[in-house]
Engineer: 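Below is the structure I would like to discuss, written out as structure tokens.
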Amino acid sequence: MKLISSAVAGYDQYRENIPRGAMETVEYISRTVGSFRKAMVYTPPEFSSTTMYPVLFLLHGIGGDESEWHTHGSPQIILDNLYNDNLLEPMIVVFPNGRAMLNDRAEGDLFEPEKIKAFERFESDLLHDLIPYMESNYPVLTSRDKRAIAGLSMGGGQSLNIGLSNLDHFAWIGAFSAAPNTREPGLLVNDITKAPSLLSLLWISCGEQDNLIEISFGVHRYLAQHGVPHIWHEESGGHDWPVWKNDLYLFTQRLFK
Ligand code: FER
């Protein structure tokens, strides 16, 4: 399905006097990298430590780190507003650092092979270090149908690579403007015949003016050919924040429902 739609006006504008979620930075031990690593965590308005929440892991692009969404994408405002309008299932959102290496800051030549490789290594950090940390330290539900992964550009590629090869861990997957780190479509899904029944949502989107759109389109085409239900969402715009914020707004409304 091709779908063009966009957020309502004011979706990313701060509203006075509504319940607010909270954003904090945490540190967890990564055995994968051999270091302490940072992530940001959003807990929803009216958060209660005695309620169990589904969890979305939301990944950044090649120029970012765990704070990129927070700095450029106003996720807290978008999610608080959605929640206030009764459009969002209460959820915890984790913003990891997807460059799993000792120096994981976005500095120097971001395209160095070692740094690109670190975006692959993140799969192990996520599955073996960060998810267990979240499950020990926050009231998060642990079943696959209560766990989502999404991201922009490099993070979109990671979401497809990691999500589709670990459908025992993720039932909800979103790729916004996926980058060339995306595996070839034929190598993305372990068992294509099982994927349709395991996926609660597979969202693939890209701006129409994005030079990388062929990557997303190739995945969309492959999935369509193989009868894997998904949403193909093209929107006006390029490789940029207005697109990704819009994706966040549209994608999160569908989660865990
Ligand atoms: C590339 C072009 C863009 C690439 C990665 C990107 C790994 C990532 C862009 C982003 O995250 O915004 O050739 O190769």
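Heavy atoms only: backbone and side chains are in, while hydrogens, waters and symmetry mates are out. Just follow the structure's listing: the first ligand is 1, and inside any ligand the first atom is 1.
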Engineer: Can you confirm, on distance only, whether ligand 1 has an N/O atom lying under 3.5 Å from any N/O atom belonging to Trp244?
Structural biologist: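 No, Trp244 has no N/O under 3.5 Å of an N/O on ligand 1.
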Engineer: For Asn166 and Glu123, what are the C-alpha separation, side-chain angles and deciding distance, and is it a side chain to side chain donor-acceptor pair (under 3.5 Å)?
Structural biologist: CA-CA 10 Å; Asn166 293 281; Glu123 175 169 353; 2.9 Å; yes
Engineer: Going by distance only, is there an N or O of Ala179 that falls short of 3.5 Å from an N or O of ligand 1?
Structural biologist: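 No.
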Engineer: Closer than 4.0 angstrom: is that true for some heavy atom of Phe111 and an atom of ligand 1?
Structural biologist: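 Phe111 counts as a contact of ligand 1 under the 4.0 Å cut-off.
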Engineer: Show the atoms of ligand 1 that are less than 4.0 angstrom away from any heavy atom in Ser153.
Structural biologist: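 Those qualifying, in numeric order: 8 (C), 9 (C), 10 (C), 11 (O), 12 (O).
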Engineer: Looking only at protein heavy atoms, which one is nearest to atom 13 (O) of ligand 1, and how far off is it?
Structural biologist: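 Residue, atom and distance for the closest contact: Pro180 CG, 3.4 Å.
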Engineer: Among Leu164, Val189, Asn161, whose side-chain contact (heavy atoms from CB on, under 4.5 Å) with Arg183 holds?
Structural biologist: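 Of all the options given, the one that passes is Asn161.
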Engineer: Looking at Gln158 and Gly98, would you say the former's side chain and the latter's main chain have a donor-acceptor pair under 3.5 Å?
Structural biologist: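 Yes: the side chain of Gln158 pairs with the backbone of Gly98.
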Engineer: Counting each atom of ligand 1 from 1 as listed, which ones have a heavy atom of His239 under 4.0 Å away?
Structural biologist: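 Those qualifying, in numeric order: 9 (C), 10 (C), 12 (O).
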Engineer: Between Phe57 and Phe170, what is the ring plane arrangement, given parallel below 30°, perpendicular above 60°, and tilted in between?
Structural biologist: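 Perpendicular, since the angle between the ring planes exceeds 60°.
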Engineer: Once the angle between the rings of Trp244 and His239 is folded into 0 to 90°, is it parallel (under 30°), tilted (30 to 60°) or perpendicular (over 60°)?
Structural biologist: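 It falls in the perpendicular class, over 60°.
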Engineer: Within ligand 1, which atoms have a heavy atom of Gly61 less than 4.0 Å away?
Structural biologist: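 The list of qualifying atoms is 11 (O).
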Engineer: Excluding sequence neighbours, so at least two apart, what forms ring pair (Phe, Tyr, Trp, His ring centres under 6.0 Å) with His226?
Structural biologist: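 Partners of His226 under the ring pair (Phe, Tyr, Trp, His ring centres under 6.0 Å) test: Tyr222.
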Engineer: Below 3.5 Å, N or O to N or O, backbone or side chain included: is there any such pair between Leu152 and ligand 1?
Structural biologist: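 No, Leu152 has no N/O under 3.5 Å of an N/O on ligand 1.
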